[in-house]
Colleague: 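Below is one structure. I have some questions about it.
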Amino acid sequence: MNTFLSQLNDVQRKAVTQTEGPVMVIAGPGSGKTRVLTFRIAHLIQSGVPPQQILALTFTNKAAREMKERIAKVVGDAAGKVWAGTFHSIFSRILRMESDKLGYPSTFSIYDSEDSKTLIKDIVKNLGVEKSNYPPNAVLSRISHAKSNLITWKAYGNNSELISRDQLDKRPMIYKIYEHYSKRCEKAGAMDFDDLLLLTFRLFYENKDQVVEKYRRRFKYVLVDEFQDTNFLQYAIVKRLTRYKESPNNLCIVGDDAQSIYAFRGATISNILDFKKDFPELKTYKLEQNYRSTPHIVDAANNVISHNQKQIKKKIWTQHHAGSKIQIVKALSDTEEARRIAGMIVEYKNRYHYSNKDIAILYRTNAQSRVFEEQLRRQNLSYKIYGGLSFYQRKEIKDLMAYLRLAVNPVDDEAFRRVVNYPRRGIGKTTLEKVMTVANTEGIPAWEAVERPILNSRTSSLLKRFKSIIQTLNEQSASMNAYDLANLAYKKSGMLAELSADNSIEGMSRRENVTALLDGIKEFIESDEQLEDMPEGTDKSISTYLQSVALITDFDDDDGDEDRLLLMSAHASKGLEFKAVFVVGLEENLFPSFMAKDSPASMDEERRLFYVAITRAMEQLTLSFSNSRYQYGTMRYNDPSRFLTEIEAEHYLNPDLIYGEKSTTGGTARSAVSGDFKIGRKPKKNVQVAVPVDFKPSNPSEIREGMKVLHLRFGEGEVKSVEGKSPNFVATIYFENSDSPSKRIMLKFAKLQILNGK
DNA sequence: GGCCAGTTTCTTTTT
DNA sequence: GAAACTGGCC
């Protein structure tokens with residue numbers, strides 16, 4: 001029976017069999033984390049726990065999928081009854097069943113980030129504020145962070161700290177935008193990604209009809225994967241579910257602080273620290289033995305991560321025998337980088353008999369995939385790109401989905417805006433603006449605003465025609481199955497005619513994509529997977545379909561047997577492993593990203609990301625960089641990434657490429673690389689603010705609020721606040737001469753001179 | 001009032 | 001390089 005337990009080492013087995021009470025598993029890369037998690041669930045089921053009492057929360061769809069598959073391998077069909085999925089998908093499922101308690105329709109729409117951004121742009125425009133001060137991405141991220149910290153728009157407006165921070169950033173109206181944004185989402189019966197969490201918390205917090213007790217009774221065992229990537233709000237929900245009087249506290253979290261790469265999304269390491277406080281009786285298990293990689297790779301990973309300031313002490317180790325050293329590829333251009341890597345792949349396949357699927361190319365930004373695609377095609381290597389513009393983000397797919405969204409939820413303003421004039425039916429910008437103005441001033445959805453006598457008869461009848469299409473779809477949505485409805489929407493909307501008229505290559509591919517979407521819906525209604533607890537009949541509705549695909553960003557269209565190379569972002573690679581890994585584009589301003597260069601905390605996150613990337617490799621690791629590359633339409637010249645020299649020379653096959661020949665003086669990365677070949681000019685290094693010759697950094701502990709200080713790079717600034725405990729003081733300083741004047745600075749690293757104190 | 005084409009702007013990672 | 005935007009034209 002328990003044969004699978006013998007496949008585990010001592011620590012792993014303890015982590016699996018300690019089923020009762022709070023458990024924390026700190027798991028280094030390749031230490032068998034997923035194995036522990038899945039075996040733990042399997043063990044619970046074999047010990048007699050009904051599978052439907054187990055809730056397993058993951059962070060990405062990919063992780064959820066893999067977990068389900070692996071549980072199924074051990075326990076078979078029972079796996080289907082375990083609630084395993086991403087935070088977002090599990091909670092949207094719950095919200096759908098309980099939406100009435102929040103005043104939302106069960107057919108609520110889910111706004112993706114594109115919808116959110118369009119909405120924000122519209123709000124900014126209506127408020128009449130300078131739009132260059134309110135880039136949608138920045139505003140959305142501010143709102144998202146607020147939501148992730150359980151700050152509603154009302155609380156935001158009353159929070160003087162946030163308000164003054166926004167004022168420093170010259171974005172004083174954010175609180176107002178947040179308010180309008182929230183109200184307009186609610187009006188449209190729509191939730192954005194963060195709302196799925198925030199409203200779940202509200203649901204459990206307000207506890208109408210004792211709804212939280214229902215789920216507490218139901219989920220006796222809760223597991224959270226990648227706990228280091230959860231934010232405050234996600235943990236708050238988990239606590240709401242598991243921490244109450246007489247709770248068995250059967251909560252198991254698995255994570256690795258060194259692999260925290262989603263702080264930009266509000267993930268916080270303090271959740272791990274809080275967990276110890278909240279569940280003092282917890283049992284902790286550390287998995288440090290790496291079963292994945294050869295020693296050079298493991299040591300390199302340890303080298304890299306040791307450059308980070310904050311970390312839970314842990315050293316991964318391996319019993320593997322020495323394998324290949326890490327190879328560096330230095331190219332002159334991005335094309336050459338890709339060409340040489342494609343060549344190396346061919347060589348690896350011959351020399352080590354690797355299949356395509358044993359090999360992955362990892363990059364920092366999805367845009368980098370292009371050049372590699374070209375070169376791989378030249379070598380006749382078949383590949384698959386993970387992420388990037390996913391299937392569901394293609395225009396034609398989003399268009400048809402917008403019709404379907406309107407069919408179940410006609411008040412969805414963003415869907416309305418998207419397709420009211422697609423295919424073209426003579427409803428242009430001006431008309432839409434009029435409708436939206438009425439809608440906003442009266443606080444009604446566009447769907448109702450079109451009825452107001454604000455338009456001339458011609459446009460009015462055009463809008464009526466559009467509305468009647470949606471009405472037909474809406475009426476049919478109750479009786480028709482999802483597939484028939486989608487087909488009807490395709491025809492009725494005029495999309496079929498529009499796409500059929502286009503015989504260009506792109507047009508054909510659009511048609512194929514829509515057909516693929518329709519096939520997907522057909523598959524969805526025909527699959528016999530029965531979801532637990534779903535009201536009979538509703539689970540195959542178009543609404544359920546929309547909910548499930550709204551949260552899918554990666555697409556899983558292959559059967560898994562295809563032998564293809566994988567190209568993906570370093571983020572997407574988390575949790576995966578490959579015999580040979582190429583981490584490419586290792587250049588300053590790319591990996592690490594230029595976005596990180598002013599903040600030590602972001603730089604640490606980039607480093608953790610690099611750590612994640614290199615620890616995907618089992619046998620062969622190659623790191624590449626290029627002197628020049630096409631970026632954003634122009635040629636750029638970047639220095640090799642600082643991360644390259646954070647790995648000790650002994651782990652490299654060809655360290656000269658970054659450490660320089662022994663004879664060269666200094667041997668810094670830059671002199672070694674740019675010395676032999678120069679294309680055009682090198683860009684200027686960061687322009688420094690004029691600094692007096694007698695600059696002398698002051699002792700960080702003497703810096704106080706209100707002081708004027710001088711920073712080597714940012715110039716003069718005023719200290720707005722100092723937080724944190726010695727020696728980790730963090731100051732918020734306002735630098736007038738900087739593009740983003742308000743900066744948070746770790747005092748122990750910063751070179752700051754006090755100009756005058758109070 | 002709407003549409004197209006030329007022009008400008010902004011560059012990350014994911015649910 | 002692509003998406004968003006603006007201005008001129010029908």
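Here is the naming used below: chain letters follow the sequence lines, and residue numbers restart at 1 for every chain.
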Colleague: Quick one: is dT11(B) close enough that its OP1 or OP2 comes under 4.0 Å of any side-chain N or O from T365(A)?
Modeller: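 It does not, given that no N or O in the side chain of T365(A) lies less than 4.0 Å from OP1 or OP2 of dT11(B).
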
Colleague: When the P atoms of dA4(C) and dT13(B) are considered, how many whole Å apart are they?
Modeller: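 Going atom to atom, P in each nucleotide, I get 15 Å.
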
Colleague: Classify K131(A) by what it touches in the nucleic acid, base, sugar-phosphate, or nothing, heavy-atom distance under 4.0 Å.
Modeller: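 The residue K131(A) makes sugar-phosphate contact but no base contact.
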
Colleague: Would you indicate what F59(A) reaches in the nucleic acid, counting non-hydrogen atoms under 4.0 angstrom: base, sugar-phosphate, or nothing?
Modeller: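 Answer is sugar-phosphate: F59(A) comes under 4.0 Å of backbone atoms only.
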
Colleague: Base, sugar-phosphate, or nothing for Y262(A), non-hydrogen atoms under 4.0 angstrom?
Modeller: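 The residue Y262(A) makes sugar-phosphate contact but no base contact.
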
Colleague: Does either side chain, that of S641(A) or that of E587(A), offer a donor lying less than 3.5 Å from an acceptor on the other one?
Modeller: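 Side-chain D/A pair, S641(A) to E587(A): absent.
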
Colleague: Both K434(A) and S132(A) contact DNA chain B. Taking the nearest nucleotide for each, which residue is further toward the 5' end?
Modeller: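 That would be K434(A).
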
Colleague: Between dG1(C) atom C1' and R629(A) atom CZ, what is the distance in whole Å?
Modeller: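 Whole-Å distance recorded here is 14 Å.
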
Colleague: Only one of Y156(A), W153(A), Y134(A) forms a ring-ring contact (aromatic ring centres under 6.0 Å, His included) with Y178(A), so which one is it?
Modeller: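 Output: one option passes, namely Y156(A).
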
Colleague: Determine, for nucleotides 2-9 of chain B in 5'-to-3' order, which nucleotides have protein heavy atoms under 4.0 Å from the base (write B), from only the sugar-phosphate (write S), or from neither (write -).
Modeller: SSS-----

Colleague: Please report the distance, rounded to the nearest Å, between CD in E588(A) and P in dT12(B).
Modeller: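 Whole-Å distance recorded here is 18 Å.
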
Colleague: Relative to the 5' end of DNA chain C, which residue comes earlier, E114(A) or Y630(A), by the nucleotide with the nearest heavy atom?
Modeller: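 On the 5' side of the pair lies Y630(A).
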
Colleague: For the C1' atoms, the ones on dT12(B) and on dC5(C), what distance do you get once it is rounded to whole angstrom?
Modeller: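 Nearest-Å result for dT12(B) against dC5(C) at atom C1': 23 Å.
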
Colleague: What's T60(A) touching, base or sugar-phosphate or nothing? Going by heavy atoms closer than 4.0 Å.
Modeller: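 Sugar-phosphate contact only - T60(A) comes under 4.0 Å of backbone atoms but never of a base.
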
Colleague: How many whole angstroms separate atom OH of Y111(A) from atom C1' of dT14(B)?
Modeller: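 Distance check: Y111(A) OH to dT14(B) C1' gives 21 Å.
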
Colleague: Less than 5.5 Å between centroids and less than 30° between ring planes, does F264(A) satisfy that with dT13(B)?
Modeller: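 Stacking is present between dT13(B) and F264(A), given that their ring centres fall under 5.5 Å apart and the planes under 30°.
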
Colleague: Which is it for S92(A) and S89(A) under the side chain to side chain donor-acceptor pair (under 3.5 Å) test, yes or no, and what are the steps along the way?
Modeller: CA-CA 5 Å; S92(A) 87; S89(A) 72; over 6 Å; no

Colleague: Could you tell me whether the side chain of R377(A) reaches within less than 4.5 Å of the side chain of F372(A), counting heavy atoms only?
Modeller: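 No, their side chains stay 4.5 Å or more apart.
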
Colleague: What is the minimum heavy-atom distance between A550(A) and F193(A), and which atoms define it?
Modeller: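 The pair with the smallest heavy-atom distance is O-CE2, 3.9 Å.
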
Colleague: To the nearest Å, give me how far apart CG (L586(A)) and C1' (dT12(B)) are.
Modeller: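 Result: 15 Å.
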
Colleague: Rounded to the nearest Å, what distance is computed from the CD atom of residue Q368(A) to the P atom of nucleotide dG1(C)?
Modeller: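 In whole Å, dG1(C) P and Q368(A) CD are 15 Å from each other.
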
Colleague: Would you say that F643(A) contacts H307(A) through its side chain, given a criterion of any heavy-atom pair below 4.5 Å between the two side chains?
Modeller: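 No, every pair of side-chain atoms sits at 4.5 Å or beyond.
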
Colleague: Quiz question: by atom type and distance under 3.5 Å, do the side chains of T544(A) and Q547(A) form a donor-acceptor pair?
Modeller: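 Not at all, the side chains of T544(A) and Q547(A) share no donor-acceptor pair under 3.5 Å.
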
Colleague: How would you label the contact of K117(A) with the nucleic acid (heavy atoms, under 4.0 Å): base, sugar-phosphate, or nothing?
Modeller: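 The answer is nothing, as K117(A) stays clear of every strand by at least 4.0 Å.
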
Colleague: Rounded to the nearest Å, what distance is computed from the NZ atom of residue K125(A) to the P atom of nucleotide dA4(C)?
Modeller: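 Answer to the nearest Å: 14 Å.
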
Colleague: Looking for any heavy atom pair under 4.0 Å, which part of the strands does K121(A) touch: base, sugar-phosphate only, or nothing?
Modeller: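 If one applies the 4.0 Å heavy-atom cut-off, K121(A) turns out to touch the sugar-phosphate alone, with no base involved.
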
Colleague: What's the closest nucleotide to the side chain of H571(A) if the choices are dT11(B), dT14(B), dT12(B)?
Modeller: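 For the H571(A) side chain, the nearest candidate turns out to be dT14(B).
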
Colleague: Provide the full list of side chain to side chain donor-acceptor pair (under 3.5 Å) pairs with a residue in residues 191-204 of chain A, sequence neighbours left out, each pair given once.
Modeller: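 Residue pairs passing side chain to side chain donor-acceptor pair (under 3.5 Å), neighbours aside: S144(A)-D194(A), K147(A)-D192(A), K147(A)-D195(A), Y181(A)-D192(A), R202(A)-E206(A).
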
Colleague: Calculate the interatomic distance between R616(A) atom CZ and dT13(B) atom C1'; express it in whole Å.
Modeller: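 Taking CZ of R616(A) and C1' of dT13(B), I get 15 Å after rounding.
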
Colleague: Which whole-number value in Å describes the distance from M635(A) CE to dG1(C) P?
Modeller: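 From M635(A) CE to dG1(C) P: 11 Å.
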
Colleague: Tell me whether the side-chain N/O atoms of N589(A) come closer than 4.0 Å to OP1 or OP2 in dT11(B).
Modeller: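 No, outside the criterion.
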
Colleague: Give the nucleotide from the list dT11(B), dA2(C), dG1(B) with an atom nearest to the side chain of R370(A).
Modeller: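 Nearest to the side-chain atoms of R370(A), counting from C-beta on, is dA2(C).
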
